[in-house]
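FYI, side chains are in, hydrogens and waters are out, and symmetry mates aren't considered; it's all heavy atoms of this structure. Below, chain A is the first sequence line, B the second, and so on; all start at residue 1.
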Number of protein chains: 2
Amino acid sequence: MTTIDDVARAAGVSVSTVSYALSGKRPISAPTRARVERAVRELGYRPHAGARALASQRTNVLALMAPLRVDVNVGVIMQFVTGVVTRARDFEHDVLLLTQDDLAGVDRVAAGSMVDALIMMDVEAEDPRLPLLRRQKQPAVLIGLPRDPQGLSCVDLDFEASARLAVDHLADLGHRQIALVGSPHLVLERRTTYAQRMVHGFTTETARRGIAGLFVPCESSHAGAVDAVDRVFDQLPDVTALVVHNEVALPVVLATLRERGKEIPRDISVVAVCPEDVAVGQQQPLTAVDIPAMTIGSVAVDMAAARLDGDQPAETRLLSPVLTVRASTGPAPA
Amino acid sequence: MTTIDDVARAAGVSVSTVSYALSGKRPISAPTRARVERAVRELGYRPHAGARALASQRTNVLALMAPLRVDVNVGVIMQFVTGVVTRARDFEHDVLLLTQDDLAGVDRVAAGSMVDALIMMDVEAEDPRLPLLRRQKQPAVLIGLPRDPQGLSCVDLDFEASARLAVDHLADLGHRQIALVGSPHLVLERRTTYAQRMVHGFTTETARRGIAGLFVPCESSHAGAVDAVDRVFDQLPDVTALVVHNEVALPVVLATLRERGKEIPRDISVVAVCPEDVAVGQQQPLTAVDIPAMTIGSVAVDMAAARLDGDQPAETRLLSPVLTVRASTGPAPA
DNA sequence: TAATGTCATCGAAGCGCTTCGACGCAACAG
DNA sequence: CTGTTGCGTCGAAGCGCTTCGATGACATTA
């Protein structure tokens, strides 16, 4: 292994000069810096991460805790992760991946000084990780919105506003009976707040506009989706529009509607709440509220970075939803 | 931060005694060990990862390079990752996540001594990462099979055998015209070997058994899947069985078959090659060759671990496929 | 000419841990 | 009673880096 000593010797300078030349934390004359850089290149020198972390109190790694279960929406998670990893590189950071259930992991990586900051996905209302996070010296960023975010940064799509946006779009088209096909029971029971916030926004907005609004949970399986559609028609026979907030179920819901003889958007309009690629990848392109998963991931990193060197206080950011009209919504049938 | 010195002081022993008490690398008397452990508990001591890495040449972290693109099969990747992360914990290791395109990452984390070993997913025949990997001091495990694995451990499902298994199952049921609906063009062009191995196994086995075998690539989109089905009927009008090795397309292929008036398995049999949960989660449970993604991930970790402390030489392991008969295959129509 | 200031560089301490060699002590053999 | 062995513990070196204070060279000013 080539060390900073080797570089110093090769460049004919002291170790500290090499360090300063590379970090730029003190002025080094151009010729000296050139010699150092040359030596670095020729020897293929890489600073030892552990030694650096020990001396500088910085690891250049951040922890990402992601739900690797199968029941949640794999595609969205992947995009979050991609956003985080990609943006982290812009800040010269790598990403240590923890699983959601690894509660001890928070302590292990934070107290063990393995990371500079932590990002947690899929936060629940009373998430058991929050107390752990609060007592670490590293800043934490939550993707999601717990009941009490005290001391922790949060970022998420504004799901209440998303629901409103979807309802308004449909209401403006004349729809008066709208159903929300949402997350599985389990997700709601876990008190994952995005699901709750969606339902809440939907309920209040339909109420506000004097519209019949029905919420049905929907399991993420073929059967679950078919069942959800059936329940909608059962409980709201004259429904003319659906808001679907469940990616896995989405294609099945569409197929089932067609099977039941409903043409989209002639007989029934559909607004999806999902990432853009899912919305346009269906049999027909769907009007949708975009879940900008990658953006959220990268914003999370930005927020972590801000707290690392700016030591700003924690803040909460809710991203404004954007609805894109495509082929799946139209005026309510007469 | 509480350090090993604090623990030593609290326990009334020397620093080295604490270290040995915790690592077990030298005998420490029971009472002393108890005092150390008590101090550790009371102070909430966690060794500093960087310091430990510096002194011991072990980081207890392994790198996992995963394709976070969207075009590949997200679900399978997630399962690999889960397998790796979960198994890594059994060996007291954490996982650093790199993206596939981050070629420089190999050097950064390996030469920078951030990890003890590397695991690379989605390896191509002439993968550009291989030379980089070979010159690192850390062992590497590939998920996939490059043309020349020299010096690197490999693990994957035996896709040639999988194809054979699928073909044999169908041939034994009397099918004489079989099509393989496979990976997208791009994946093949990238020379991702699982796709090639699948095609090769399919081609040789159909030939060996004197069966008409047709391979059609299939893009991972609704339109792509529909198109693939059309091409199959175009080029092999009397086809009675399909092998589908493309998870994303799978549901669309099934739907399209039905739309074309083909009932499964009465008119046409289908063998999927996909993870079990995908096979059973379709509208009807599918006969399938399981892709044991999680197992492969955990085997990869096992292989890495073996090379870490046993310093066994590199080896290649191809997992034997298992075909499970479900509702989508039956005798060839007369 | 001496005092002052600037700039580039150096030396050394120290980050927190592991590990090697040494040491004291008790048990045992000769 | 001395010599040997083995167990449990300690001290110190060293892992590779960052950073602080000091220093020397040189230019600037009084």
query: Just wondering, are more than 12 heavy atoms of other shown residues or ligands nearer than 6.0 Å to CZ in Arg38(B)?
result: no

- prompt: Salt bridge or not for Arg129(B) and Asp102(B), using N-O below 4.0 Å?
  reply: no

- prompt: How many angstroms lie between atom CD1 of Ile77(B) and atom CG of Leu68(B), to the nearest 0.5 angstrom?
  reply: 7.0 Å

query: Would you call Asp156(B) and Arg317(B) a salt bridge, taking side-chain N to carboxylate O under 4.0 Å as the test?
result: no

query: Rounding to a whole Å, what distance do you find between Leu54(B):CG and dG16(C):P?
result: 12 Å

query: If you check the Val13(B) side chain, which of dC17(D), dC15(D), dC10(D) turns out closest?
result: dC10(D)

- prompt: What is the distance, rounded to the nearest whole Å, between atom CZ of Arg52(A) and atom C1' of dC15(C)?
  reply: 14 Å

- request: Indicate, with a heavy-atom threshold strictly under 4.0 Å, whether Arg46(A) touches base, sugar-phosphate, or nothing.
  value: sugar-phosphate

query: dC10(D) C1' sits how many Å from Arg9(B) CZ, rounded?
result: 16 Å

message: Can you measure Asp5(A) atom CG to dC10(C) atom P for me and round it to whole angstrom units?
response: 13 Å

- prompt: By a strict heavy-atom criterion of less than 4.0 Å, which residues belonging to residues 25-38 of chain B are in contact with DNA chain D?
  reply: Arg26(B), Pro27(B), Ile28(B), Ser29(B), Thr32(B)

message: Looking at Tyr20(B) and dC20(C), is any side-chain donor or acceptor paired with a base atom of the opposite kind under 3.5 Å?
response: yes

field: Per Ser16(B) side chain, nearest of listed nucleotides dT18(D), dG11(D), dC10(C)
entry: dG11(D)

- line: Taken to the nearest whole Å, CG/Leu22(B) to P/dT19(C) is 13 Å

message: Using OP1 and OP2 only, check whether a side-chain N or O of Ser14(B) sits under 4.0 Å from dT9(D).
response: no

task: State which of dT19(C), dC17(C), dG11(D) makes the closest approach to the side chain of Ser19(B).
output: dT19(C)

field: Option among Ile28(B), Asp6(B), Ile4(B), Thr32(B) that satisfies the side chain to side chain contact (heavy atoms under 4.5 Å, CB included) test with Val18(B)
entry: Ile4(B)

message: Between P on dC17(C) and CG on Asp6(B), what's the gap in Å once rounded to a whole number?
response: 9 Å

- request: Identify the residue among Leu145(A), Val187(A), Leu157(A) that makes a side chain to side chain contact (heavy atoms under 4.5 Å, CB included) with Tyr194(A).
  value: Val187(A)

statement: When rounded to whole Å, the CD1 to P distance for the pair Ile4(A) and dA12(C) reads 16 Å

message: Between C1' on dC15(C) and CZ on Arg58(A), what's the gap in Å once rounded to a whole number?
response: 16 Å

message: Between the side chains of Arg197(A) and Asp158(A), is the shortest nitrogen-to-carboxylate-oxygen separation below 4.0 Å, so that they form an ion pair?
response: no

- prompt: Which sits closer to the 5' end of DNA chain C, Ala51(B) or Ser23(B), going by the nucleotide each is nearest to?
  reply: Ala51(B)

